[in-house]
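First listed ligand is number 1; within each ligand, the first listed atom is number 1. Note that these values count all heavy atoms, side chains included, but never hydrogens, waters or copies made by symmetry. All values reported here derive from a predicted model rather than from experimental measurement. FYI, the numbering just counts along the sequence from 1.
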Amino acid sequence: MAEQTHPAPQPDGHRNPVQISPSILSADFANLAAEAEAVRGADWLHVDVMDNHFVPNLTLGLPVVESLRKATATPLDCHLMIEDPDRWAPQYAEAGASSVTFHVEAAAAPVRLARELRAQGARASMALRPATPIEPYEDLLPELDMVLIMTVEPGFGGQAFLDVMLPKIRRTRRLIERHGLQLWLQVDGGVSATTIERCAEAGADVFVAGSAVYGADDPSAAVAALRERAESVRRA
Ligand code: DX5
Ligand code: ZN
């Protein structure tokens, strides 16, 4: 069997802690400091950067990230939905993002880019659109700190979770384990109280949620409730 040629699976490979990363795409952009404060207890703040080219939407850029960095102690998880991440992503690390995610579909030299991000002290993360398979990128995994599997077409918050992505989450988790890596596996899009358990069961450990957090009356309670649901899958 092909499996036997790989290192033995790491029993703890899928036991990275559950982490919740609320997406400020669903927050009030005129009150970002207060919105960051509203999700105290979250592990990360997910910042969606869109350039109206890679996706048909435009959000924010480096100056906003620089200001957010000063406004909150929560580490920033920047998701770059932009063309030419080779040029721009390192600048997000410099602006204070602790984790920088580039889309592999847009990156000209993903290994060089991941190394550059790590050299700047940021976590290097690679995102896949729904139609992009993980298998061609298996050999890149050791260069990365996180893989982001999009569970909607990137561009907008509030879309319905794509169940058809669950097999890709499972296959990605298996590849991570086969290589004995401690990579985090993030899911983004349509993650809510009704879908987070499916994602956790499939092997995700970092959960982005926009509308499910900022659409709630108490965003910080929504973060806690999502965390509890994901952790309950681990206990099962
Ligand atoms: C979509 C963004 C997501 C978005 C998720 O392209 O990458 O981070 O904010 O929003 P929800 O959780 O509402 O699907
Ligand atoms: Zn995102």
So Val208 and Val187, side-chain contact (heavy atoms from CB on, under 4.5 Å) or not? Walk me through it.
-> CA-CA 6 Å; Val208 176; Val187 283; over 6 Å; no
Sub-4.0 Å heavy-atom environment of ligand 1, residues by chain =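 Ligand 1 pocket, heavy atoms under 4.0 Å: Ser23, Leu25, His46, Asp48, Met50, His79, Met81, Met150, Pro154, Gly155, Phe156, Gly157, Gly158, Asp188, Gly189, Gly190, Val208, Ala209, Gly210, Ser211.
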Cationic N near anionic O, under 4.0 Å, Asp43 to Arg227 |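 Yes, this pair counts.
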Are the side chains of Leu185 and Met146 in touch, meaning some heavy atoms are under 4.5 Å apart?
->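 Of all side-chain heavy-atom pairs linking Met146 with Leu185, none is under 4.5 Å.
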Closest non-hydrogen atom pair, Ala36 against Thr72 =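 So the two residues come closest at CB-CB, 3.9 Å.
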Return the minimal non-hydrogen interatomic distance between Phe29 and Ile24, and the atom names on each side.
->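 Closest pair (atom of Phe29, atom of Ile24, distance): CE1-O, 3.0 Å.
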Contacts of Glu143 that satisfy salt bridge (charged side-chain N to carboxylate O under 4.0 Å, His left out) - sequence neighbours left out |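 Here the qualifying residues are Arg115.
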Arg178 and Glu138: salt bridge (charged side-chain N to carboxylate O under 4.0 Å, His left out), yes or no, with the steps?
-> CA-CA 10 Å; Arg178 267 188 214 158; Glu138 175 176 354; 5.0 Å; no
Looking at Phe207, does the NZ or CZ of Arg229 lie under 6.0 angstrom from its six-membered ring centre and within 45 degrees of the ring axis?
->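 Negative - Arg229 is either too far from the ring of Phe207 or too far off its axis.
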Under 2.8 Å from the Zn ion (ligand 2), which protein N/O/S atoms are there?
->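 You should have found His46 NE2, Asp48 OD1, His79 ND1, Asp188 OD2.
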Pairs where residues 65-90 contributes a residue and the test ring pair (Phe, Tyr, Trp, His ring centres under 6.0 Å) is met, not counting sequence neighbours |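 Passing the test, one end in residues 65-90: His46-His79, His79-His103.
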